[in-house]
Amino acid sequence: MKLWSQYFIPTLKESPADAEIASHKLLMRAGLVRKLGGGLYTYMPMGLRVMQKLTQICREEMERAGAIELWMPHMHPADTWREGPRWPVTREIMFRADSAGDGKRAAREPEYVLGPTHEEVITPLVKAEITSYRDLPKNFFQIATKFRNEIRPRFGLMRAREFVMMDSYSFDATDEGARKSYLAMKTAYEAFFRRIGARAIAVEADTGVMGGSFSHEFMVPAEIGDDDVIYNDESGYAANREKATSALVPKDLADAAPVGAVEEFATPGIVTIAALEAAPYSVAADKQFKTLVYIGDGKPFLIVLRGSDELEEAKLGSLGFGLVRPATPEEIEPVMGAKPGSLGTVKGTIKNPGALAGIFADQAIRLIGNGTTGANKDGFHLRNVNVARDLAVTKFGDFRRVRPGEPCPLSGKPLQVRRGIEVGHIFKLGTKYSEKYNAVYTDDQKQTHFMEMGCYGIGIGRTLQAIIEQSHDADGIVWPWNSAPFHVLICVLDPQLPEAMDLAKQLATVAEQAGAEVLVDDRAERPGVKFKDADLIGIPLRLTIGGKGLKEGIVELKARTSKDVAKLPLAEAAAQLGAAIAAAQAKA
RNA sequence: CGGGGUGUAGCUUAGCCUGGUAGAGCGCCUGGUUUGGGACCAGGAGGUCGCAGGUUCGAAUCCUGUCGCCCCGACCA
């Protein structure tokens, strides 16, 4: 039991000016966190209590799934990363942790970095410690602080520079085992989110920098989310926009019949899809070929899309390049022979095709018959262009961004879109890291194999905020039972009356014996202030003890989720309170 | 990193355009009256107006630079 007057819950009537979204405002107003700097937050006592609830439930579910907790350093020798497989990418988001020094000791290259994640630490560790199939599988997890120099921290805990994450890493002997480990994590994550009262859905996701074969994100649907989830309720299809695909191109699509030979025509000053759509050219965007130049690991390659489609850059990951970026106009002209706006991939028109690492086309361009594309000659385009006959294509793939309304790949029904907050992510990695670090084991035939890996993460702080985003009303937070900082708030309206405080302490003991955590508001505040604060901090059950009620012989019990107040005769108060707690526990 | 915005007391902010003693509300402290949904009265404390430079007799206000914070965007030709 905690007495409010002796605890520390600095609530605010007004939201700080830098909080924009509901959950961020409530985090501040309910006294859960305070900001130190951009993306850096102090967990105040109430915020810490919620954090501890989440980490404990997370720990229990991970252990239930057979994972083993450990703790790794968060300051890493820079070589750990420099020698790792993704230094060029990860160094951009890592903080260096060198001696601040006097200028003499400050090295040009970092000596130490703060860990954004731990594949580069755990894989060498496991390589050194595990060499036999007898010791596999293993799944190690930790719940600890991560550091990432986010391009733009925002929305409070939603995207922070320093944040708490549960991360785990599985090591299996076989691909089949790795699939099992992956599924065990998916199940554990679902159990975790269910227990803490967050409605999260698993969606197919892009593997991104992590690499690997497949992955799911756990998304909490919310308008303020960073990600678009593409889904169809009927089929159960759900994917991150970066990964989402649609059944836009029929499998048995026949190539359109060419109506004539490729023909060049002058388009002075026309360098955009939209300009070519306008009169006098009047070429519909979905009859145009859009040709983009990218640089993959230093070498240019081309991406061809319909003019009406947009590139989903994340899908370029499937091409296997490490670092990918758009080419600059200076890089484009020597290769293509024209400036951006007049580019194309019709055979024979590219100035220096030998320089290209490949020409990759989105399958949707096969829907174009007799289309128009750039001539690789400034101010000229080509018409009557047909994919099979005229275009040089190394490989077809899925590179376009899906739009709502397109047919679901599973059911053919229209896809829908909604925003979501990514609170967890699981990856099946395969052997990308084990090969890099030579993490091998010996099987019962004395053969050595690379370990099959998976990695998994839950953003604890982000999850905390996502719960608030998902569970609040105009008056404040509505904590789910298992995430709540306290379960029962005993509101003593007249704390100067000894009998009121005595009863409060008595009922607090009852509640604690029923397994609830109790906060007693014993402050010398007016009732209105107490009720407003009670709603703001969102404790699931509120028991009100007032001098007026005591004279009538009653106390009041109210659930945060309900408007109804139950008047309990004093003789029944203990039993009713116990019953309400038991009911809430059973439901949670 | 690019664009936009903003910085005045613990919090919310007015004043800035048009230079001339820095104001309010909330919160805090003291006293009193109140007491079931953010009370009232009286008194009080609290500000290098983000920082640095400049213009000026005089700068919160105008100019330059810089830093912090917030929002939008991410080379899609």
Side-chain angles (χ1 to χ4, degrees), chain A residues 10-21 24-25 28-29 31 34-40 92 149-156 158-159 161 224 226 269-276 285 288-295 302-316 324-333 336 338-344 362 373-374 376 378 381 399-401 474-476 491-497 500 521 523-536 542 544-552 554-556 558 563 565 567:
Chain A
T11 58
L12 301 171
K13 265 191 199 177
E14 291 178 286
S15 304
D18 59 10
E20 289 255 323
I21 63 171
H24 187 189
K25 289 177 181 171
M28 298 295 300
R29 288 191 54 212
R34 287 294 184 260
K35 182 168 76 176
L36 173 65
L40 301 170
E92 299 298 325
N149 195 0
E150 291 291 343
I151 292 174
R152 180 153 84 92
R154 58 169 152 181
F155 296 152
M158 206 56 86
R159 197 191 294 176
R161 288 196 163 106
I224 52 91
D226 270 347
I270 301 298
V271 293
T272 63
I273 302 286
L276 204 55
Q288 300 185 37
F289 296 93
K290 173 152 69 182
T291 307
L292 309 176
V293 186
Y294 272 74
I295 307 288
L302 305 184
I303 292 290
V304 189
L305 299 156
R306 293 192 303 174
S308 52
D309 284 336
E310 279 190 88
L311 173 65
E312 181 54 70
E313 222 170 63
K315 290 182 177 176
L316 297 181
V324 170
R325 64 169 174 85
T328 62
E330 294 70 37
E331 290 170 318
I332 292 171
E333 207 172 345
M336 302 300 289
K339 293 190 185 69
S342 305
L343 305 181
D362 186 84
T373 190
N376 290 324
D378 288 337
H381 279 76
F399 303 108
R400 62 187 292 278
R401 175 176 261 230
D475 296 313
C491 237
V492 186
L493 299 186
D494 301 283
Q496 74 284 2
L497 299 177
D521 187 354
R523 295 174 299 166
E525 290 286 351
R526 295 165 59 85
V529 173
K530 295 192 173 210
F531 291 141
K532 286 289 182 189
D533 272 347
D535 288 342
L536 179 59
R542 186 183 86 195
T544 306
I545 300 174
K548 217 172 81 182
L550 286 181
K551 276 184 196 148
E552 292 172 39
I554 57 127
V555 295
E556 294 165 11
K558 178 185 172 299
K563 285 196 161 50
V565 178
K567 298 195 172 189

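A distance of about 13 Å separates the C1' atoms of B:rC16 and B:rG7, rounded to the whole Å. Nucleotides B:rG4 and B:rG44 place their C1' atoms 43 Å apart, quoted to the nearest Å. Annotation: B:rC69 and B:rA45 have their P atoms spaced 34 Å apart (nearest Å). On the P atoms, B:rA59 is 12 Å away from B:rU21, given to the nearest whole Å. Atom C1' of B:rG20 sits at a distance of 14 Å from the matching atom of B:rG15, rounded to the whole Å. Nucleotides B:rU35 and B:rC71, compared at atom P, are 45 Å apart to the nearest Å. A distance of about 15 Å separates the P atoms of B:rU64 and B:rU55, rounded to the whole Å. One C1' atom belongs to B:rU13, the other to B:rU6, and the distance between them is 13 Å to the nearest Å.
B:rA39 and B:rU33 make up a base pair, with Watson-Crick or G-U wobble contacts both under 3.5 Å. Pairing for B:rG7 is with B:rC67, a Watson-Crick or G-U wobble pair whose two hydrogen-bonding atom distances lie under 3.5 Å. Pair assignment for B:rU61: none, as no Watson-Crick or G-U wobble contacts are both less than 3.5 Å. Using the Watson-Crick or G-U wobble rule with both distances under 3.5 Å, B:rC28 pairs with B:rG44. Pair assignment for B:rA74: none, as no Watson-Crick or G-U wobble contacts are both less than 3.5 Å. Pairing for B:rU21 is absent, with no Watson-Crick or G-U wobble pair whose two atom distances lie under 3.5 Å. Pairing for B:rU56 is absent, judged as Watson-Crick or G-U wobble with the two contacts each under 3.5 Å.
At a cut-off of 3.5 angstrom, counting only N and O atoms as typed in the model, there is no donor on one side facing an acceptor on the other between the side-chain of A:R542 and the base of B:rG36.
A search for side chain to side chain donor-acceptor pair (under 3.5 Å) contacts involving A:D309 returns A:R306, A:R400, A:R403, not counting sequence neighbours. Among residues two or more places apart in sequence or in another chain, the salt bridge (charged side-chain N to carboxylate O under 4.0 Å, His left out) test is passed with A:E312 by A:R401. Checked against side chain to side chain donor-acceptor pair (under 3.5 Å), A:D533 has the following partners two or more places apart in sequence or in another chain: A:T11, A:R523. With sequence neighbours excluded, no residue forms a side chain to side chain donor-acceptor pair (under 3.5 Å) with A:K25. For A:N149, the side chain to side chain donor-acceptor pair (under 3.5 Å) partners at least two apart in sequence or on another chain are A:R161. Here A:K532 pairs with nothing under the salt bridge (charged side-chain N to carboxylate O under 4.0 Å, His left out) rule; sequence neighbours left out. Qualifying salt bridge (charged side-chain N to carboxylate O under 4.0 Å, His left out) partners for A:E92, counting only residues two or more places apart in sequence or in other chains: none.
Of the candidate nucleotides B:rC75, B:rA39, B:rG36, B:rA39 has the atom lying nearest to any side-chain atom of A:V529. Side-chain atoms of A:I273 lie closest to B:rA77 of the nucleotides B:rG38, B:rG36, B:rA77. Side chain of A:P527, nearest nucleotide from B:rG73, B:rG36, B:rG38: B:rG36.
In this structure, the separation between CD on A:E556 and CD1 on A:I545 is 10.5 Å, given to the nearest 0.5 Å. With values rounded to the nearest 0.5 angstrom, A:Q288 atom CD is found 8.5 Å from A:S308 atom OG. Here the straight-line distance linking atom OG1 of A:T272 with atom NZ of A:K290 works out to 10.5 Å at 0.5 Å rounding.
The two residues A:V293 and A:L302 make their nearest non-hydrogen contact at CG2-CD2, 3.7 Å.
At the phosphate of B:rA77, OP1 or OP2 sits under 4.0 Å from a side-chain N or O atom of A:K290. The side chain of A:R152 contributes an N or O atom lying less than 4.0 Å from OP1 or OP2 of B:rC71. Contact annotation: A:K13 reaches the phosphate of B:rG27 (side-chain N/O to OP1 or OP2, under 4.0 Å). Residue A:K35 has no polar side-chain atom (N or O) positioned under 4.0 Å from OP1 or OP2 of B:rG68.
Of the residues near RNA chain B, A:K532 and A:T272, the one whose nearest nucleotide (by heavy atom distance) lies more toward the 5' end is A:K532. Between A:E20 and A:Y294, the residue anchored closer to the 5' end of RNA chain B is A:E20, taking for each the nucleotide with the nearest heavy atom.
The interatomic distance linking A:K551 (NZ) with B:rU35 (C1') rounds to 12 Å, in whole Å. Atom CG in A:L493 sits roughly 13 Å away from atom P in B:rG38 (whole-Å rounding). A:H24 has its NE2 atom 14 Å from the P atom of B:rC11, to the nearest Å. Atom-to-atom, CD1 of A:I295 to C1' of B:rC75 comes out at 12 Å; the value is rounded to the nearest Å. If you take CG of A:D309 and P of B:rC76, they are 16 Å apart, rounded to a whole angstrom. For the pair A:R159 CZ and B:rC71 P, the computed distance is 10 Å after rounding to whole Å. In this structure, NZ of A:K25 is placed 12 Å from P of B:rC71, rounded to the nearest angstrom. Distance CZ (A:R526) to C1' (B:rG36): 10 Å, rounded to an integer number of Å.
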Protein-nucleotides 7-9 of chain B N/O pairs under 3.5 Å:
none

Between protein and nucleic acid, restricted to nucleotides 12-14 of chain B and to nitrogen or oxygen atoms under 3.5 Å apart, what atom pairs and distances do you find?
unit_1 : atom_1 : unit_2 : atom_2 : d
B:rU12 : OP1    : A:A17  : N      : 2.3
B:rU12 : O4'    : A:E14  : OE1    : 3.4
B:rU12 : O2'    : A:E14  : OE2    : 3.2

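In this structure, A:R34 reaches neither bases nor backbone, as no heavy-atom distance under 4.0 Å exists between it and the strands shown.
With contacts defined as side-chain heavy-atom distances shorter than 4.5 Å, the pair A:F531/A:D521 does not qualify.
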